[in-house]
Amino acid sequence: MEQLKELIRVNLLFANPQVTEKGRAKGKQGHALVRSILSQYLLSTIIFSVIYGAIMFSTDFSKRPELFTYFVGLFGLLGLSQTISAILNVFLESRDIPAYLPLPFKQWTIFTAKLIVVSLAVVPFLLPIFILFLLSSLSAGMPVVFAVCIGICLFICCLLILYFLSSILVFGLAKTSFYKKHKKIVTSALLLITTGLVVVGILFFNRSSSLDEVSQTPKIALFMPLFYITTQFTSTASLMSISIMVVLILVLSLILRFFILPHFYEELIEISTIEGNPTRKIKPAQSVTKLLWSYNLQLIKDPNLLLQVFSGSVVFPIIFFISFGASGTIDLSGLSFQYSAALVYAGMLVSYLVTTPVSLVAIILSLDKENYPYIYATPISIGYYLRQKFLFGLSVQFGITFLLMIVAYFVFHMPLILLIVFMIGGLIGSTIFSQVYFWRDFRLFSSHWTDLTQLFSRGAGTFGFVLLQFSGLIIGGILVSAVAFVSYLVPNSLVPIGLVLVVLLGAGVVHMYYYKKYWSTL
């Protein structure tokens with residue numbers, strides 16, 4: 001047990017290097033430093049609970065089994081993709097496995113410690129399921145303490161099933177000779193398939209939840225046992241469902257124990273040394289600009305990176321759109337151009353939610369690793385290089401924002417003219433926030449990272465990311481509402497123009513700050 005605790009501590013420190021360094025700079029060492037990191041995970045969990053609880057609070061899931069099963073399926077797919085991604089990062093892509101060779105650790109101890117660290121990164125994305133269980137039990141009339149106990153136990157069972165399934169899938173594939181010969185192809189296919197399932201689930205849920213009659217929306221039979229447990233705990237169906245879950249967990253754990261864990265240590269060491277044999281295409285002479293953009297495109301082709309960006313900066317806005325758009329809570333079909341300023345501010349809010357520490361522009365420099373210092377030894381101007389980097393990252397960020405705005409256009413039934421205004425706000429916001437995170441990456445540049453989570457957790461760490469998302473959504477929502485209210489009180493065409501000028505003035509101030517501090521010094 002002591003070995004397990006120490007391994008968990010080491011993996012926690014390894015997975016959060018920036019947070020670890022900040023803690024040490026404040027004089028924290030040993031257990032105090034680990035407690036500091038764990039407290040950030042705890043605060044992130046609380047904030048995520050508040051966010052998703054507020055979104056789902058108005059729905060009585062005890063009377064809507066079809067919505068209950070769709071939410072479980074949707075967030076279950078997201079959790080599966082996140083778990084697979086985290087396992088690939090922590091186990092297969094990590095370079096620390098050989099370091100354990102001279103140490104007296106058992107295989108199951110290393111496996112369990114890493115899996116616990118994986119769970120800390122995955123739990124925030126699965127919290128909506130726990131909130132769903134809790135709200136469903138409360139809606140069914142269960143006492144609060146009993147509902148909380150059911151929610152926690154059921155949530156832990158779901159986590160175990162998810163971890164076992166992901167581990168069996170990933171490590172089962174890793175054992176094959178095909179994986180060892182085509183590591184990149186198998187990894188890419190695995191991540192793309194799970195990401196595709198998430199997207200299909202979101203689109204299917206959006207279509208189904210917009211139906212007028214509840215009876216027309218079919219339930220997902222696979223997740224109905226969870227519904228019975230949360231809403232009819234003492235029923236026969238619930239007891240049978242509990243028995244099935246226990247048996248499933250036992251079977252999966254036995255498969256993992258006898259078919260995956262044997263020789264697990266040796267195979268991980270072998271896998272960690274596989275680099276593959278990438279083929280390189282010889283291209284005709286290109287301009288420096290095209291060459292740099294092609295290089296940056298190669299950097300972001302990693303499916304694991306794309307999946308993490310998708311889940312960290314795209315999923316939350318999509319869930320928000322689904323929750324408030326598909327249910328008819330927000331319908332902008334009758335909105336006049338008088339409220340165009342509010343759409344500009346809303347576009348900036350969307351770009352804020354998309355441009356985060358987990359976005360591509362926030363790590364585009366650090367993805368260079370050792371290549372970045374090498375640029376200083378080439379004839380390429382570092383100023384020109386950084387400008388091309390920024391323009392590439394900005395293009396990606398606005399492209400993602402643009403696609404989300406198209407989704408919002410259909411979900412919220414937005415007039416076409418307001419969609420254009422909406423996109424203008426998104427472009428302004430993308431330009432501002434991309435500069436913020438681009439130069440943040442410049443300041444926190446890291447060339448020796450081995451895990452993408454090390455880049456995403458820089459600065460304020462996971463807690464800072466969650467706090468930024470939550471506070472930004474609240475403040476941005478209040479600001480958009482205030483602008484819409486002013487437009488309603490003063491029905492004058494000069495009001496939207498004035499409010500937009502305020503945005504442009506603020507954007508100009510931010511740009512001048514970064515121009516004088518960074519761009520002009522290159």
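As the structure is a computational prediction, the values presented were derived from the model and not from experiment.
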- prompt: What pair of heavy atoms forms the shortest contact from Phe133 to Val72, and how long is it?
  reply: CE2-CG2, 4.3 Å

task: For residues Tyr228 and Ser238, report the shortest heavy-atom separation together with the two atoms involved.
output: O-CB, 3.7 Å

For the student: nearest non-hydrogen atoms of Tyr352 and Gly472, plus distance: CE2-CA, 3.4 Å

message: Give me the atom names and distance for the closest heavy-atom approach of Ala408 to Met414.
response: O-CE, 4.3 Å

- prompt: Of the non-hydrogen atoms in Leu360 and Val396, which two are nearest, and what is the gap between them?
  reply: CD1-CG1, 3.3 Å

- request: Mind listing the closest non-hydrogen atom pair of Phe227 and Phe61 along with its distance?
  value: CE1-O, 3.3 Å

task: Please test Gln298 against Leu367 for side chain to side chain contact (heavy atoms under 4.5 Å, CB included), starting from the C-alpha separation and ending with a verdict.
output: CA-CA 10 Å; Gln298 295 299 320; Leu367 287 178; over 6 Å; no

Could you pull out every donor-acceptor pair under 3.5 Å between side chains of residues 139-165 and any protein atom, sequence neighbours left out?
{"from": "Ser139", "atom 1": "OG", "to": "Asp60", "atom 2": "OD1", "distance (Å)": "3.4"}
{"from": "Ser139", "atom 1": "OG", "to": "Leu135", "atom 2": "O", "distance (Å)": "2.8"}

- request: Give a yes or no on whether the backbone of Ser137 and the side-chain of Thr230 come within a donor-acceptor separation of less than 3.5 Å.
  value: no

- request: Give me the ring orientation class for Phe71 and Phe75: parallel if the planes are under 30° apart, tilted from 30 to 60°, perpendicular past 60°.
  value: parallel

- prompt: Would you say Tyr295 has more than 12 foreign heavy atoms packed within less than 6.0 Å of its OH?
  reply: yes

- request: For Lys389 and Ile364, indicate whether the former's side chain and the latter's backbone hold a donor-acceptor pair under 3.5 Å.
  value: yes

task: Please lay out, stage by stage, how Leu80 and Ser166 fare under the test side chain to side chain contact (heavy atoms under 4.5 Å, CB included).
output: CA-CA 7 Å; Leu80 179 67; Ser166 301; 3.4 Å; yes

query: Take atom CZ in Phe402; do more than 12 heavy atoms of anything else shown fall under 6.0 Å from it?
result: no

